[in-house]
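Below is one structure, written out as structure tokens, with a few remarks after it.
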Amino acid sequence: MGARLPCVYYRATRLYMGMKNSTKKTVFLALSSVLTILALATATLGTAHATSTTSYSFNLVGPNTAMAQNTIPGTPIAAGDVLRLTGAGALDLSKEAASGGGSFTHYKPDGSVFARGLWVVTGFQSFTSYGGPSSGVQGGVLLVTVSIIGPEATFSGLTLQVSCHVNAPANAPEEGTTLPGLFSVPTGGNTLFHLNN
């Protein structure tokens, strides 16, 4: 499964890479906080109204990290870059709808921060449930469409994969959260699905 990036890219300026300007940093952090709260509120409202349908929520348990295997020409992604994600969301299978989001940090191979921002779920693609020992502990693999919102650019139409190994079959994707085709190798973190009804 490949990923196609829109024609909007990060400009790697020292101003945003170092976040040296405290006014811009404060505005960016305030905007990030507001957007994160809105994304999580949308996820909560989505699950609260889905009482007669099959709905799930999911959490990235601790930060989830994934590494880029290859340099992607025309993008700021180089082999060895790491994407760190935090967040949560929800999905309603009867409506084929999903919501949620969180924060991201894009690290270069030397460990320096290239960009920080938000990720927001913009669409549902698929969900395979593996079941689990209780409604609060479920496994599965979810594919959603997301937008990555950085300090100077937005990447839209990307696929995010969330994989939880509770009750997973032998051929299941590795535990973690990835952007297939971009940051494809999970390197840390856990996920968990919750059956809401």
Side-chain angles (χ1 to χ4, degrees), residues 1-6 8 31-66 83-106 117-132 134-150 153-169 172-184 186 189-197:
M1 182 183 322
R4 181 178 56 83
L5 290 175
V8 182
L31 179 61
S32 296
S33 298
V34 168
L35 290 175
T36 300
I37 290 166
L38 288 174
L40 294 176
T42 301
T44 302
L45 288 174
T47 59
H49 290 96
T51 56
S52 63
T53 62
T54 303
S55 66
Y56 292 83
S57 57
F58 67 89
N59 295 89
L60 308 187
V61 182
N64 278 222
T65 57
L83 186 67
R84 178 185 184 270
L85 299 172
T86 61
L91 58 140
D92 182 332
L93 295 181
S94 68
K95 296 178 182 176
E96 295 189 345
S99 61
S103 65
F104 82 86
T105 305
H106 178 171
L118 303 173
W119 63 272
V120 178
V121 175
T122 59
F124 174 83
Q125 294 182 23
S126 67
F127 177 67
T128 302
S129 173
Y130 303 151
S134 70
S135 61
V137 179
Q138 297 278 305
V141 61
L142 171 67
L143 295 175
V144 291
T145 304
V146 297
S147 289
I148 303 287
I149 304 165
T154 296
F155 294 89
S156 58
L158 302 177
T159 296
L160 179 76
Q161 177 178 286
V162 180
S163 176
C164 177
H165 263 213
V166 172
N167 273 3
E174 289 184 54
E175 176 91 14
T177 307
T178 61
L179 290 174
L182 301 173
F183 294 91
S184 303
N190 294 299
T191 64
L192 192 59
F193 291 98
H194 316 280
L195 182 60
N196 295 324
N197 51 338

Legend entry - Distance (rounded to the nearest 0.5 Å) between Leu143 CG and Leu91 CG: 11.0 Å

Inset, instruction - Would you indicate whether the side-chain heavy atoms of Leu195 and Thr54 approach each other to under 4.5 Å? - result: yes

Inset, instruction - Check whether the side chains of Ser103 and Thr86 place a donor and an acceptor atom closer than 3.5 Å, and report yes or no. - result: yes

Legend entry - From Phe58 atom CZ to Gln138 atom CD, the distance as rounded to the nearest 0.5 Å: 15.0 Å

Inset, instruction - In sequence, state the C-alpha distance, the side-chain angles, and the governing distance for Val141 and Ser163, and then conclude on side chain to side chain contact (heavy atoms under 4.5 Å, CB included). - result: CA-CA 4 Å; Val141 61; Ser163 176; 4.2 Å; yes

Inset, instruction - Any chance you could measure Leu142, atom CG, to Cys164, atom SG, to the nearest 0.5 Å? - result: 11.5 Å

Legend entry - Value rounded to 0.5 Å, distance of CG in Leu158 from OG1 in Thr145: 9.0 Å

Inset, instruction - Taking all heavy atoms of Ala168 and all of Ala172, pick out the closest pair and write down the distance. - result: CB-CB, 3.8 Å

Legend entry - Shortest non-hydrogen separation from Ser147 to Thr122 and the atoms involved: OG-CG2, 3.6 Å

Inset, instruction - Supply the atom-to-atom distance Phe104 CZ to Leu160 CG, rounded to the nearest 0.5 angstrom. - result: 12.5 Å

Inset, instruction - Could you label the plane-to-plane angle of the His106 and Phe183 rings as parallel, tilted or perpendicular, counting under 30° as parallel and over 60° as perpendicular? - result: perpendicular

Inset, instruction - Answer whether the closest heavy-atom distance between the side chains of Val162 and Val144 falls below 4.5 Å. - result: no

Inset, instruction - Calculate, to the nearest 0.5 Å, the distance between atoms OG1 and CH2 belonging to Thr177 and Trp119 respectively. - result: 7.5 Å

Legend entry - Parallel, tilted or perpendicular, as decided by the 30° and 60° cut-offs, for the rings of Tyr56 and Phe193: perpendicular

Legend entry - Closest contact, heavy atoms only, Asn64 versus Gly62: ND2-O, 3.2 Å

Inset, instruction - Take Val146 and Leu179 through the test side chain to side chain contact (heavy atoms under 4.5 Å, CB included) and record every step on the way to the result. - result: CA-CA 9 Å; Val146 297; Leu179 290 174; 4.2 Å; yes

Legend entry - Shortest non-hydrogen separation from Gly123 to Ala98 and the atoms involved: O-CB, 4.4 Å

Inset, instruction - Would you indicate whether the side-chain heavy atoms of Glu175 and Thr191 approach each other to under 4.5 Å? - result: yes

Legend entry - Any donor-acceptor N/O pair, Asn59 side chain to Val61 backbone, under 3.5 Å: no

Inset, instruction - Check Gly136 against Leu192 and note the closest heavy-atom contact, atom names and distance. - result: O-CD2, 3.8 Å

Legend entry - Over all atoms of both residues, closest heavy-atom pair of Pro63 and Arg84: CG-NH2, 3.0 Å

Legend entry - Reference residue Phe155; test side-chain contact (heavy atoms from CB on, under 4.5 Å); the match among Ile148, Leu182, Ile149: Ile148

Legend entry - Minimum side-chain heavy-atom gap Thr65-Leu83 below 4.5 Å: no

